[in-house]
Amino acid sequence: MQRRRFIQICSTAAAGCAAVDLSSLALPAWAADVPDVPQPPVLLTDAQGAPLKASSLSSSEAYVFSYPYASTPAFLIRLKAAAQPTKLTADGQSYDWPGGVGADKTIVAYTAICAHQLSYPEKDSSVISYDPSATQVSGKPGMIVCCAHQSVYDPSEGAKVMSGPAPHPLAAMVLKHDPSDDSLTATGVIGHPTFEHFFKLYRLQLIRQFGAAHFQATAPNKVAAVPLSQYSAYVAHC
Ligand code: FES
């Protein structure tokens, strides 16, 4: 008997998510792979392990947390203005990005793995970052810029590609904000997933860092979100 597979569909941040039977949906090829990506609820904490307060986030740089795998970094960003829901396209297929969360709808999250050739923040350095000010490459404030080959993404519009060779938007991490305690929980991934390719490309490097048994492990139920300038010893801006 065929195993029924479910995907978290989130219409808007306020409406939350619902489990939908995949067999009832006509999905593009890449979206059909999403159920194979873990979608665990993961509470975001500060570096000391205390639940992160959305209102405490700085808008001066991105934070890095692990999602949906322990080895796949994601950016948590507080924008300067509310981010509205946006319709996006990847591989010729459209999907809905639900917009920012938090009291002022300014908090967003995306994979920090570039959609072009999968550059990502490492402990010693990062060539991909969010810059609230305009840079030489972006020419516009509030962009995610990958200096490897100068791809620019707009995090206020679902990380759609503004310029450069990236073939599609960064996959978005779905966030849930709890107004009762101002906490943030990552609850899923939407958009074009790059993780399988990432594991193949960086297999040896990830095994050295996380171990052969754990380099593809799902993120634990709590992960710390730390400023990129603390996560990576050197951050390139271009
Ligand atoms: S790897 Fe990011 S632009 Fe090429």
Side-chain angles (χ1 to χ4, degrees), residues 29-31 33-34 37 60-77 79 83 86 88-93 95 97 108-173 186 189-210 215-216 225-238:
W30 57 261
D33 289 334
V34 169
V37 173
S60 63
E61 67 172 315
Y63 295 71
V64 180
F65 66 102
S66 299
Y67 197 85
Y69 299 92
S71 60
T72 54
F75 284 144
L76 176 69
I77 298 171
L79 302 169
T86 303
L88 294 167
T89 301
D91 299 340
Q93 303 289 337
Y95 63 98
W97 176 69
V108 298
Y110 302 98
T111 183
I113 302 168
C114 182
H116 179 225
Q117 290 184 356
L118 313 191
S119 292
Y120 68 104
E122 300 180 66
K123 294 298 178 189
D124 59 346
S125 65
S126 179
V127 295
I128 184 167
S129 67
Y130 164 75
D131 204 317
S133 306
T135 68
Q136 193 176 359
V137 168
S138 70
K140 203 177 166 195
M143 298 291 119
I144 295 171
V145 181
C146 180
C147 298
H149 311 96
Q150 306 191 341
S151 286
V152 178
Y153 306 89
D154 186 347
S156 71
E157 294 195 54
K160 75 176 183 187
V161 181
M162 303 299 285
S163 60
H168 54 74
L170 298 173
M173 308 295 112
V189 180
I190 55 174
H192 187 131
T194 51
F195 309 116
E196 199 174 318
H197 187 189
F198 178 76
F199 289 139
K200 280 186 188 147
L201 188 63
Y202 294 110
R203 183 180 179 83
L204 290 179
Q205 193 169 315
L206 294 171
I207 287 174
R208 271 198 296 271
Q209 186 176 354
F210 295 93
F215 79 101
Q216 294 181 97
V226 299
L228 177 59
S229 60
Q230 293 175 23
Y231 185 88
S232 297
Y234 169 75
V235 179
H237 295 277
C238 57

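Read the numbers this way: they start at 1 and go in the same order the structure lists the ligands and their atoms. Being a predicted model, the structure only gives us computed values, none of them experimental.
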Does the separation of the ring centres of Tyr110 and Tyr153 fall below 6.0 angstrom?
no
List for me each residue that meets side chain to side chain donor-acceptor pair (under 3.5 Å) alongside His149, sequence neighbours excluded, and say none if there are none.
His116
Suppose the cut-off is 2.8 Å; which protein N/O/S atoms would you list for atom 4 (Fe) of ligand 1?
His116 ND1, His149 ND1
Just grab all the disulfide (SG to SG under 2.5 Å) pairs involving residues 130-159, residues at least two apart or on different chains.
Cys147-Cys238
If you define the side chain from C-beta out and look only at heavy atoms, does anything of Glu122 sit under 4.5 Å from Gln209?
no
Is it true that Asp91 and His192 share a donor-acceptor pair across their side chains at a distance under 3.5 Å?
yes
Quick test of your reading: applying side chain to side chain donor-acceptor pair (under 3.5 Å), list the pairs with at least one residue in residues 61-72, sequence neighbours left out, ordered by first then second residue.
Glu61-Ser229
